[in-house]
K.L.:
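Pasting a structure below so you can have a look.
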Amino acid sequence: MLEILQNLGIGLAVAVQPINLLWVTIGGVLGTIIGMLPGIGPASGVAILLPLTFKMGPVGALITMAGVYYGAMYGGSRSSILINTPGDGAAIASCWDGYPLATKKKRPEAALAMSAIASFIGGLLATIFMIFLAGPLAKLAIKFGPAQYLMLYLFALSATASMSGEGKVLKGFVAMFLGLLISTIGIDSLSGVHRFTFGLMELQGGIDFLIAIIGIYALGEVFESLKSIGKGQTKIQKKFGRIWITKEDWKRSWKAILRSTPLGFVIGVLPGTGATMASIMAYNQEKNLSKHKEEFGEGAIEGLAAPEAANNAASVGALIPMMTLGVPGSGTTAIMLGALMMLGLQPGPLLFQKTPEIAWGVIASMFIGNLVLAFINIPMAGMLVRILSIPERILYPIILGLAFLGTYSISNLTFDFFIVIGFGLLGLFMKRSGFPTSPMVLGAIIGGSIEEKFRQALTISNGSYSVFFSDVITIVLAVLTAGSFLLPVYQRMKARKQAAPAK
């Protein structure tokens, strides 16, 4: 404990240097702006800004890149809340209750404030966890092989589908399988077989899940609103209150934040899982535990607080395997790892021993960075909320422009415009037919990883399926997966028994 506090003191001495305070502020502001742009995301943002960091020195470069990373987690939810367009995959879950809270319930001020507060608390607590738990959690991450990852992915999928809401569980599983089907499009990495490409060269590389997200949420919302715009039925919000939350909002959300932060942090530590899965699992957890299940999807403030805390905690957790093991925990940290090696550093255990001022300087800068981002984002929300006062006949063309710009920035293919329009129509159909979109999106995101881990696990075990029940981790995850399938059945039977006396 004393050694940790001494190292943290060394890190604080580095982090409070004026030049490093400047870098963390610049990184946080740029990350917030990048996070608000659909299709860009933290990985692209760090890659774009990478050349600027080469003359900063190792400490400044890592502080700036880390600031961009968790700053993008703050910014990604802004577009989710205001225009139903996630900045990146980690902000998907913020659409589900953040956008209804801002539009249906006419409380954009509370939505933006809660997003900033939950992000701040999640990031701050995760940084504290990182200080004291980095070593043990890095060792846990090493124990996750293909079989463990596969069972984790299956649990996430089954939990998301089973939490689709009363009367929608079957539709949730249908949506999940549709997402898995979408993930198979392209050339099979093992056999080289073309799957569902229909002879189109543009589909050989598959469909990027960000295109699916932009289409389903951004274009789907625009298509859904065309009818009301034409009839002039929509009312524009012109008056806005103070950017803050009520005591009731805090009462409903603080437990969700405290539960979601460690969940997001642990998931972030596991290489390859990422903030997207963390935010979706945190949302499912709160929906399952909430006393207001009927409000989820309609503007439940805890349904926004949970994923916001989780995705910021996951971004901090993802830095642990990179810094302690030299293994990137996400796409963004993979770019950061490459940058550090170009600067002459080798992330891993020796980073903390040979250059503690760098490792602990970055950790200490996260405390400062979260404070900076909280001070930036709450005042910024007062300006951003004015987006809702723009007439829809002007706002929706802007959303379409951003959606197509984000789509093109992903792979620079105009063919993707047709794909994103197709997903927009699919999103409209699913919304009107009562199919939940979250299982489909998650299936599209992790479907490729499920197939890859399944093959790797069977290769390691020489074709034996016992590898999926070979240790405590896989067995526990298998039980949780089975439980998530059986939970809706149990809830339905319980509801029938309670309703029986009433007859």
Side-chain angles (χ1 to χ4, degrees), residues 24-50 63-96 98-99 102 108 111-120 122-123 126 208-210 213-214 217-218 264 268 274-276 278-280 304-305 307-316 318-319 330-333 335-336 366 369-370 372-381 383-385 387 398-399 402-403 405-407 409-410 445:
V24 75
T25 303
I26 290 174
V29 172
L30 290 175
T32 302
I33 295 170
I34 288 168
M36 289 189 289
L37 299 175
I40 305 298
S44 300
V46 170
I48 292 168
L49 299 171
L50 196 58
I63 284 175
T64 305
M65 288 187 287
V68 171
Y69 189 12
Y70 52 78
M73 296 296 107
Y74 274 77
S77 63
R78 299 296 177 263
S79 53
S80 295
I81 292 169
L82 296 175
I83 59 176
N84 202 35
T85 307
D88 69 331
I92 298 171
S94 299
C95 289
W96 300 336
Y99 184 68
L112 291 171
M114 178 52 71
S115 171
I117 293 168
S119 296
F120 170 70
D208 194 293
F209 74 88
L210 284 174
I213 292 169
I214 292 171
Y217 293 104
T276 302
S279 61
I280 292 175
L304 172 62
E308 283 298 289
N311 65 32
N312 278 268
S315 68
V316 176
L319 295 172
S330 65
T332 309
T333 52
I335 297 171
M336 294 171 66
M366 293 180 188
N370 275 285
V372 169
L373 284 166
F375 281 113
I376 290 171
N377 276 270
I378 292 177
M380 185 188 293
M383 297 181 289
L384 291 175
V385 76
I387 290 173
I398 295 173
I399 294 174
L402 288 172
L405 180 63
T407 299
S409 69
I410 293 169
I445 292 171

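Not measured: the values here are computed from a predicted model.
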K.L.:
Under 4.5 Å between any side-chain heavy atoms of T64 and V24, yes or no?
P.N.:
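A side-chain contact under 4.5 Å is absent here.
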K.L.:
Holding to side-chain contact (heavy atoms from CB on, under 4.5 Å), I want the full list of residues that pass it with I26, two or more places apart in sequence or in another chain.
P.N.:
L22, W23, L30
K.L.:
What do the steps show when you test I213 against L210 for side chain to side chain contact (heavy atoms under 4.5 Å, CB included), and what is the final call?
P.N.:
CA-CA 5 Å; I213 292 169; L210 284 174; 4.3 Å; yes
K.L.:
To the nearest 0.5 Å, what is the distance between CE (M65) and OG1 (T333)?
P.N.:
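M65 CE to T333 OG1: 11.0 Å, rounded to 0.5 Å.
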K.L.:
I'd like to check the side-chain hydrogen bond (donor to acceptor under 3.5 Å, both in side chains) partners of Y70; sequence neighbours left out, ordered by chain and number.
P.N.:
none
K.L.:
How close do P42 and A72 get, counting heavy atoms only, and between which atoms?
P.N.:
CB-CB, 3.7 Å
K.L.:
Is there a side-chain contact between L82 and L112 (heavy atoms, below 4.5 Å)?
P.N.:
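L82 reaches L112 side chain to side chain.
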K.L.:
Ignoring hydrogens, what is the shortest heavy-atom contact between I378 and A116? Give both atom names and the distance.
P.N.:
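Minimum heavy-atom contact is CG1-CB, 3.8 Å.
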K.L.:
Output the distance between atom CD1 (I34) and atom CE (M36), rounded to the nearest 0.5 Å.
P.N.:
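Those atoms lie 10.0 Å apart.
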K.L.:
Could you tell me the separation between the CE atom of M380 and the CG atom of L384, rounded to the nearest 0.5 Å?
P.N.:
6.5 Å
K.L.:
Side-chain donor-acceptor contacts of residues 83-92 below 3.5 Å, not counting sequence neighbours, with atom names and distances?
P.N.:
residue: N84; atom: ND2; partner: Y217; partner atom: O; Å: 3.2
residue: T85; atom: OG1; partner: I83; partner atom: O; Å: 3.1

K.L.:
Run R78 and N377 through side chain to side chain contact (heavy atoms under 4.5 Å, CB included) and show every step you take.
P.N.:
CA-CA 10 Å; R78 299 296 177 263; N377 276 270; 3.0 Å; yes
K.L.:
Excluding sequence neighbours, so at least two apart, what forms side-chain contact (heavy atoms from CB on, under 4.5 Å) with A43?
P.N.:
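If we apply the side-chain contact (heavy atoms from CB on, under 4.5 Å) test to A43, skipping adjacent residues, the hits are T332, I335.
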K.L.:
Would you indicate whether the side-chain heavy atoms of I63 and M366 approach each other to under 4.5 Å?
P.N.:
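The answer is no; the side chains never approach within 4.5 Å.
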K.L.:
Is a donor on one side and an acceptor on the other found under 3.5 Å between the side chain of S80 and the backbone of G76?
P.N.:
yes
K.L.:
Tell me, please, which residues at least two apart from S119 pass side-chain contact (heavy atoms from CB on, under 4.5 Å).
P.N.:
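In terms of side-chain contact (heavy atoms from CB on, under 4.5 Å), with neighbours along the sequence ignored, S119 is linked to Y74, S115, E308, N312.
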K.L.:
Side chains of Y99 and I81: does their closest heavy-atom pair fall under 4.5 Å?
P.N.:
no
K.L.:
For the atom pair CG (N370) and CZ (F120), what is the distance rounded to the nearest 0.5 Å?
P.N.:
6.5 Å
K.L.:
For I398, what residues pass the side-chain contact (heavy atoms from CB on, under 4.5 Å) criterion, not counting sequence neighbours?
P.N.:
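Checked I398 against side-chain contact (heavy atoms from CB on, under 4.5 Å); matches are I394, L402.
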K.L.:
Can you tell me how far the OG atom of S77 sits from the CG atom of L304, to the nearest 0.5 Å?
P.N.:
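That separation rounds to 7.0 Å.
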K.L.:
Do you know which two heavy atoms are closest between A374 and P379, and how far apart they sit?
P.N.:
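Taking A374 first and P379 second, the nearest heavy atoms are O-CD, 4.2 Å.
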K.L.:
Of the non-hydrogen atoms in A403 and A218, which two are nearest, and what is the gap between them?
P.N.:
CB-CB, 4.3 Å
